[in-house]
Amino acid sequence: MNIARSNPLRGDLTVPGDKSISHRSIMLGSLARGTTTVTGFLQGADCLSSIACFRQMGIEIENDQNTVKIHGKGLHGLSRPTDTLDTGNSGTTTRLMSGILAAQPFDCTINGDASIQSRPMNRIITPLSMMGAHIQSVNNNGCAPLHIIGGPLKGIAYTSPVASAQVKSAVLLAGLYAQGETSVTEPFLSRDHTERMLRACGADITCQGTTARIHPARELYACDIHIPGDISSAAYFIAAGLIVPGSEIRLHHVGINPTRDGILKVCRDMGADIVLDNEKELGSEPAADIIVRSSKLHGTTIGGSIIPTLIDELPIIAILACFAEGTTVIKDAQELKVKESNRIDIMVENLKAMGADITATEDGMIIHGGRPLHGAAIATHRDHRVAMSFAVAGLASDGVTRLDHGGCVDISYPGFFEDLKKLAR
Ligand code: S3P
């Protein structure tokens with residue numbers, strides 16, 4: 001995939017549905033009794049992995065692209081899969097589903113692609129084992145494949161060392177089946193889509209500060225779910241609109257959950273012209289149109305409690321920082337090393353190839369912005385967010401930016417390049 005300097009980006013766009021909420025709609029829809037109708041579902045490869053896994057456990061899921069209907073069989077309605085559950089590239093499917101599987105009256109194996117097989121799973125194995133689960137990393141390396149022998153669980157009060165919605169959600173989902181109360185406290189609040197959706201389905205869940213508490217459920221109830229656009233996908237168009245001169249873009253109906261909106265805060269802090277319009281609550285999630293105009297940016301410092309609210313946007317923020325005057329420091333973001341790829345090393349390596357002044361640190365990066373970037377051969381490591389970030393960088397750089405694997409954007413944003421082209425006409 002080759003990217004060249006772009007005309008101004010102008011017009012309207014509706015980005016695909018939120019990936020995190022799409023996964024959760026399949027999982028909770030499968031565990032609820034009755035039919036859950038989902039609109040705005042993300043038809044990305046990761047979410048299709050969640051659909052495939054729950055189908056393998058006997059759940060009928062109709063997917064006609066516009067609407068997904070999940071015919072849930074209740075909390076105890078899953079059946080033992082006859083094959084390994086394939087979670088593809090999806091950390092969310094792997095970790096959240098493990099919490100559910102830990103409580104089922106059957107055993108099974110889950111596995112994913114090469115990236116999944118190198119991502120840390122002890123972070124869920126530890127608390128789920130404290131609840132009484134039997135989970136084994138088949139190769140004894142703390143990664144997938146995982147063999148899970150489900151059974152009765154007991155509630156725990158878990159203090160997580162990482163602010164991770166995947167860890168929190170795995171424990172809360174297991175808590176649906178556990179004896180007594182289960183609570184999770186995290187160092188900073190991570191995305192709370194699981195808590196919101198569980199509450200909407202009738203679970204007994206309360207949240208206070210960085211602690212979420214759940215009591216076992218007798219039954220979850222199916223409800224209709226309207227999924228807003230994914231702010232993590234909108235982020236590429238926000239960034240492109242900011243750095244391609246003369247741009248003005250309206251992004252329709254994007255999720256602006258406060259546990260996800262760090263990108264908006266950081267952009268504004270860098271001097272971005274961003275306006276929200278048509279703010280509304282849709283189901284249990286807030287959404288708005290985002291209007292972005294190209295802006296003169298300056299550097300900033302990003303760290304602490306804002307990190308979980310923009311963790312997936314740090315690659316595109318690194319690009320923005322290269323187009324901002326002055327220094328940007330990203331710290332407290334060591335989690336970037338264990339995402340779909342090592343996003344600190346890979347962003348730094350590729351941005352250096354484009355001429356940026358950027359240094360990797362133990363927990364982030366330091367970027368001295370304002371140097372013009374030039375096209376280069378980009379090694380995406382098949383990481384969708386790396387690919388989309390460099391596609392955006394290429395729009396505002398000299399020469400040609402070549403992505404070695406543009407197809408990986410299908411993980412979270414099928415049609416990404418087409419949408420980019422539409423706005424550049
Ligand atoms: C996700 C949580 C985040 C995020 C991932 C999706 C989720 O991971 O990076 O893309 O849907 O819960 P962690 O919770 O592990 O930080």
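In listed order, ligands and their atoms are each counted from 1. Position 1 is the first residue of the sequence, and the numbers go up from there. Values reported hereafter were calculated over all heavy atoms of this structure, with side chains retained and with hydrogens, waters and symmetry mates removed. Owing to the predicted nature of the structure, the values given are computational and were not obtained by experimental measurement.
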Top protein contact for [atom], by heavy-atom distance:
atom                    : result
atom 15 (O) of ligand 1 : Ser164 OG, 3.0 Å
atom 14 (O) of ligand 1 : Ala165 N, 2.7 Å
atom 12 (O) of ligand 1 : Arg24 NH2, 2.6 Å
atom 10 (O) of ligand 1 : Asp312 OD2, 2.7 Å
atom 1 (C) of ligand 1  : Gln166 NE2, 3.5 Å

Any ion pair linking [Y] and [X] (charged N to carboxylate O, less than 4.0 Å)?
X      : Y      : answer
Glu313 : Arg260 : no
Lys19  : Asp230 : no
Asp404 : Arg382 : no

Please check: side-chain N/O of [X] versus main-chain N/O of [Y], any donor-acceptor pairing under 3.5 Å?
X      : Y      : result
Arg119 : Val338 : yes
Asp113 : Ser115 : yes
Thr210 : Glu186 : yes

Would you say that more than 12 heavy atoms from the other residues, nucleotides or ligands in this model lie under 6.0 Å from the NZ of Lys337, or not?
yes
With heavy-atom distances below 4.0 Å as the criterion, list the atoms of ligand 1 near [X].
X      : result
Thr92  : 1 (C), 6 (C), 7 (C), 11 (O)
Ser20  : 1 (C), 6 (C), 7 (C), 11 (O)
Ile311 : 9 (O)

May I ask whether His23 places a heavy atom under 4.0 Å from ligand 1?
no
Using a 4.0 Å heavy-atom cut-off, which part of Lys339 comes near ligand 1: side chain, backbone, both, or neither?
side chain
Location of contacts on Lys168 toward ligand 1, heavy atoms closer than 4.0 Å
neither
Under a plain distance cut-off of 3.5 Å, with no hydrogens placed, do Asp269 and Thr300 share a side-chain donor-acceptor pair?
yes
